[in-house]
Amino acid sequence: MKSICFLIALVIISFPAFSQEDDTTKIKLDLLRAPSSPAANLLDFAVSDIEKPSDVSAFMASLQSATNSNSLLPSHYAVDLAPFWLFRGKGLTTDKMDSRKFSDVFRQTFVFSTAVRGSDSSSKEYDPANFYNSFGIKFSIKRGSFSKRTSETLDTITLLAGQVASDVNATLKATLDSSSEYQALAEARRNKLVANGGNMNDPEVVAISKKMTNLQESFRTKIIGEKELLRSRLALLKQKAQSFKIERFGFFIDFAGGVTLEFVDKLFSRSNVHNGGAWLTFGGNYESGFSILGLARYLYNPDKIFADNAGVIKTSNISTLDAGARIIYNSPMSRFALSGEGIYRSVLNKQTIDPSWRLVVNAEYDLGNNQRLTFSFGRHFSGTITKGGNVIAALNFLKGFGNRR
Amino acid sequence: MAKSAKSIAKTIDADFEEKTTLDTVYLIDGSNREVTLEIIIGAPGQTAVTDIILQDDNIVKGKKGSIKEFPLGTNKALNGKKIFITTVVTDTARDTNNTEEIIRLRGGLMFIEYKLFKIVKEEGDSAIFTSVIEFFKI
């Protein structure tokens with residue numbers, strides 16, 4: 001009976017709070033996140049339309065298709081190029097992927113994007129008489145470190161692989177040193193090289209080297225087949241490698257930026273800046289369950305002005321600055337979760353719209369059995385700003401149906 | 001003379017042929033110039049460990065990943081010696097099963113690069129690359 005009364009009281013308390021909600025609560029901080037491809041985003045390409053070649057031949061094929069075998073200027077094409085990965089990033093093993101050196105982080109994460117849009121009579125945004133070309137870059141300035149689990153698995157893999165390498169190398173050396181067949185072949189190869197003046201391409205030298213290679217390979221296969229310890233280490237190594245997964249925690253800073261040029265009448269000598277943007281994302285997530293995210297976005301001539309819901313301002317020569325932050329504490333060991341989110345939005349070069357901000361704090365306690373107690377408290381963007389702030393409050397009790405978990 | 005399609009196909013096949021063993025000679029002179037060794041591991045995202053024995057000295061033990069160029073000794077000092085290199089490349093990259101080792105030698109009569117390559121069958125498998133290189137002055 002007590003719990004029913006408590007439930008009714010909670011429902012009553014939450015009613016006035018709902019009446020204060022407005023559309024601005026639906027604005028998500030994630031809107032400020034950097035796009036996956038800045039250039040494509042500035043020219044309104046769908047993510048699925050962006051080409052992401054993983055090697056040079058794939059890039060050439062994509063370019064050839066877009067240009068009709070190099071005979072036309074592409075009219076609808078967006079591509080993301082990660083130079084380090086495009087050229088297969090030789091030498092990038094897992095130990096380097098945890099590097100925190102800026103030069104390593106930058107070259108491993110740098111992405112150049114470009115997009116072109118030609119005549120498009122269906123669009124109001126783009127003049128079919130003109131040609132649009134956007135360029136963008138994206139990279140990390142700082143990234144998180146491997147999680148404890150990732151590091152531990154990698155250490156085990158490295159240890160086992162090191163034991164296998166050392167064992168195989170020492171045993172193979174001893175086997176080859178004591179093999180009269182192998183030593184005789186080595187002697188014959190040396191004699192032949194002395195006779196032919198060091199010609200390594202001599203067919204006889206090539207043939208001897210091939211025999212020595214085959215002999216070495218058969219010794220190696222025998223060593224691995226006969227050594228029980230080696231086989232068990234390799235089996236464990238495989239098991240650990242299969243479970244290996246890269247997880248990162250810690251502080252990170254990412255930057256993305258881009259600009260679109262509009263070529264009037266498709267003349268390369270007559271161009272102006274159509275739109276542009278820069279995004280800075282920073283924060284950190286930690287194994288304790290605490291995470292913080294900060295976002296800042298500058299846009300020049302955006303499609304839609306974030307601070308202008310009603311669409312009062314015409315989007316020409318407009319610069320906007322928006323920012324946001326989110327803090328989340330959600331420990332896997334605790335039933336309590338706390339999060340806070342703030343968004344600031346402004347138009348830099350027009351006085352029509354004043355800067356506005358929103359702040360919301362949410363607390364949640366998991367009672368178990370599909371029951372959750374939540375509490376939110378904050379301030380909206382809306383006209384209430386002029387009234388000196390508008391406080392919203394909601395205390396909700398959520399009861400789930402179904403089996404008790 | 002233009003290459004026939006068959007010979008081009010053969011060249012391509014040779015490039016992609018799996019090779020996990022190397023046995024060769026690196027020609028040197030009698031100078032006091034240093035001979036250097038560099039090892040590059042692929043594909044991106046794989047995990048590798050290398051063990052190197054120069055004649056009877058275990059000069060590199062449990063070295064992770066690629067190995068930057070380092071001196072092995074002078075041409076004069078290396079004559080008649082052998083280097084044994086064993087690298088275990090474990091497939092930890094989720095987008096490829098390719099494993100690769102490039103061995104570069106500089107400072108002898110000429111710069112030379114050897115490529116070893118294997119596509120492992122299953123996720124998590126390891127490729128064991130072994131190389132024996134004899135330093136020899138004619």
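Computed from a predicted structure; not experimentally measured. Just so it is clear: chains get the letters A, B, ... in the order the sequence lines come, proteins before strands, and each one is counted from 1.
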S.K.: With a 4.5 angstrom heavy-atom cut-off, is it the side chain or the backbone of Arg190(A) that approaches chain B, or both, or neither?
M.R.: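 For Arg190(A), backbone and side chain are both near chain B.
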S.K.: Quick one: of Ala186(A), Ala235(A), Ala161(A), who has the most non-hydrogen atom pairs under 4.5 Å with chain B?
M.R.: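 Option with the top pair count is Ala161(A).
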S.K.: Asn214(A) versus chain B, heavy atoms under 4.5 Å apart: side chain, backbone, both or neither?
M.R.: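 Nothing of Asn214(A), per the 4.5 Å heavy-atom cut-off to chain B.
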S.K.: Tell me, for Asp125(B) versus chain A, whether the close heavy atoms (under 4.5 Å) come from the side chain, the backbone, both or neither.
M.R.: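 Contact with chain A involves both backbone and side-chain atoms of Asp125(B).
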S.K.: With a 4.5 angstrom heavy-atom cut-off, which part of Ile67(B) approaches chain A: side chain, backbone, both or neither?
M.R.: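 Neither part, no heavy atoms under 4.5 Å.
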S.K.: Would you tell me whether Glu101(B) and Thr87(B) have side-chain atoms, one donor and one acceptor, within less than 3.5 Å of each other?
M.R.: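 Per modelled atom types, Glu101(B) and Thr87(B) side chains form a pair under 3.5 Å.
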S.K.: Looking only at side chains, do Thr90(B) and Lys240(A) share a donor and an acceptor under 3.5 Å apart?
M.R.: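 No pair is found: no donor N or O on one side chain lies under 3.5 Å from an acceptor on the other.
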S.K.: Identify which part of Tyr182(A) has an atom lying under 4.5 Å from any heavy atom of chain B, answering side chain, backbone, both or neither.
M.R.: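 Interface part for Tyr182(A): side chain.
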S.K.: Which bit of Thr20(B) is near chain A, if near means a heavy-atom gap under 4.5 Å: side chain, backbone, both or neither?
M.R.: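 For Thr20(B), backbone and side chain are both near chain A.
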S.K.: Regarding Glu287(A) and Lys148(A), does a basic nitrogen lie under 4.0 Å from an acidic carboxylate oxygen?
M.R.: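 No.
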S.K.: Less than 4.5 Å to any heavy atom of chain B: does that hold for the side chain of Leu176(A), its backbone, both, or neither?
M.R.: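 When you check distances to chain B, only side chain atoms of Leu176(A) fall under 4.5 Å.
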S.K.: What part of Ser126(B) lies closer than 4.5 angstrom to a heavy atom of chain A: side chain, backbone, both or neither?
M.R.: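 For Ser126(B), the contact with chain A is made by the side chain alone.
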S.K.: By a 4.5 Å heavy-atom criterion (distance strictly below it), what part of Leu22(B) contacts chain A: side chain, backbone, both, or neither?
M.R.: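 Contact with chain A involves the backbone of Leu22(B) alone.
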S.K.: Considering only NZ, NE, NH1 and NH2 on the basic side and carboxylate oxygens on the acidic side, decide whether Lys173(A) and Asp51(B) come within less than 4.0 Å.
M.R.: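 Answer for the salt bridge query: no.
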S.K.: Heavy-atom cut-off 4.5 Å, strictly under: side chain, backbone, both or neither for Leu193(A) against chain B?
M.R.: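 Leu193(A) touches chain B through backbone and side-chain heavy atoms alike.
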S.K.: Kindly check if the number of other-residue, nucleotide or ligand heavy atoms within 6.0 Å of NZ (Lys238(A)) is above 12?
M.R.: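 Yes, NZ of Lys238(A) has more than 12 neighbouring heavy atoms, counting only those of other groups under 6.0 Å.
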S.K.: Answer with side chain, backbone, both or neither: which region of Val132(B) has an atom nearer than 4.5 Å to a non-hydrogen atom of chain A?
M.R.: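 Val132(B) touches chain A through backbone and side-chain heavy atoms alike.
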S.K.: Of the backbone (N, CA, C, O) and the side chain (C-beta and beyond), which part of Ile39(B) lies under 4.5 Å from a heavy atom of chain A, both, or neither?
M.R.: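 Ile39(B) has no heavy atom closer than 4.5 Å to chain A.
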S.K.: Does CZ in Arg231(A) sit with more than 12 non-hydrogen atoms of other residues, nucleotides or ligands closer than 6.0 Å?
M.R.: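 Enclosed.
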S.K.: Using non-hydrogen atoms and a 4.5 Å limit, figure out which bit of Thr130(B) sits close to chain A: side chain, backbone, both or neither.
M.R.: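 It is both, since atoms from each part get that close.
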S.K.: Carefully, step by step, assess Thr47(B) and Thr92(B) under the rule side chain to side chain donor-acceptor pair (under 3.5 Å).
M.R.: CA-CA 6 Å; Thr47(B) 303; Thr92(B) 45; 2.8 Å; yes
S.K.: Could you tell me whether Arg104(B) and Glu113(B) have a side-chain N and a carboxylate O separated by less than 4.0 Å?
M.R.: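 Result for this pair is yes, salt bridge flagged.
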S.K.: Fit a plane to each ring of Phe139(A) and Phe255(A), take the angle between them on a 0 to 90° scale, and name the class: parallel (under 30°), tilted (30 to 60°) or perpendicular (over 60°).
M.R.: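 Ring orientation of Phe139(A) relative to Phe255(A): tilted.
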S.K.: Which one wins on heavy-atom pair count under 4.5 Å against chain A: Lys63(B), Lys61(B), Glu122(B)?
M.R.: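 Going by pairs under 4.5 Å, I would pick Glu122(B).
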S.K.: Heavy-atom count around Glu181(A) CD within 6.0 Å, excluding the residue itself: above 12?
M.R.: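 Not buried by this count: 12 neighbours or fewer within 6.0 Å.
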S.K.: Is Leu154(A) in contact with chain B via its backbone, its side chain, both, or neither, using a 4.5 Å heavy-atom distance?
M.R.: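 Side chain only.
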S.K.: Counting only non-hydrogen atoms closer than 4.5 Å, does Met212(A) touch chain B with its backbone (N, CA, C, O), its side chain (CB onward), both, or neither?
M.R.: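 Met212(A) touches chain B through backbone and side-chain heavy atoms alike.
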S.K.: Please identify, among Gln242(A), Arg189(A), Glu217(A), Lys210(A), the residue contributing the most non-hydrogen atom pairs under 4.5 Å to chain B.
M.R.: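 Winner by heavy-atom pair count: Arg189(A).
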S.K.: Do you see a donor-acceptor pair shorter than 3.5 Å between the side chains of Thr86(B) and Asn169(A)?
M.R.: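 Looking only at side-chain atoms, Asn169(A) and Thr86(B) do form a donor-acceptor pair, the distance falling under 3.5 Å.
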S.K.: Check whether Ile224(A) gets within reach of chain B through its side chain, its backbone, both or neither, counting any heavy atom under 4.5 Å.
M.R.: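 Side chain of Ile224(A) only, per the 4.5 Å heavy-atom cut-off to chain B.
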S.K.: Are Asp104(A) and Gln108(A) close enough, and set up right, to give a side chain to side chain contact (heavy atoms under 4.5 Å, CB included), and what steps lead you there?
M.R.: CA-CA 6 Å; Asp104(A) 287 337; Gln108(A) 287 171 26; 4.0 Å; yes
S.K.: Heavy-atom distances under 4.5 Å only: say whether Lys82(B) touches chain A with side chain, backbone, both or neither.
M.R.: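 Side chain of Lys82(B) only, per the 4.5 Å heavy-atom cut-off to chain A.
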S.K.: Side chain from CB out, backbone as N, CA, C, O: work out which of these in Phe84(B) comes under 4.5 Å of a heavy atom of chain A, or both, or neither.
M.R.: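 Its backbone and side chain both get close to chain A.
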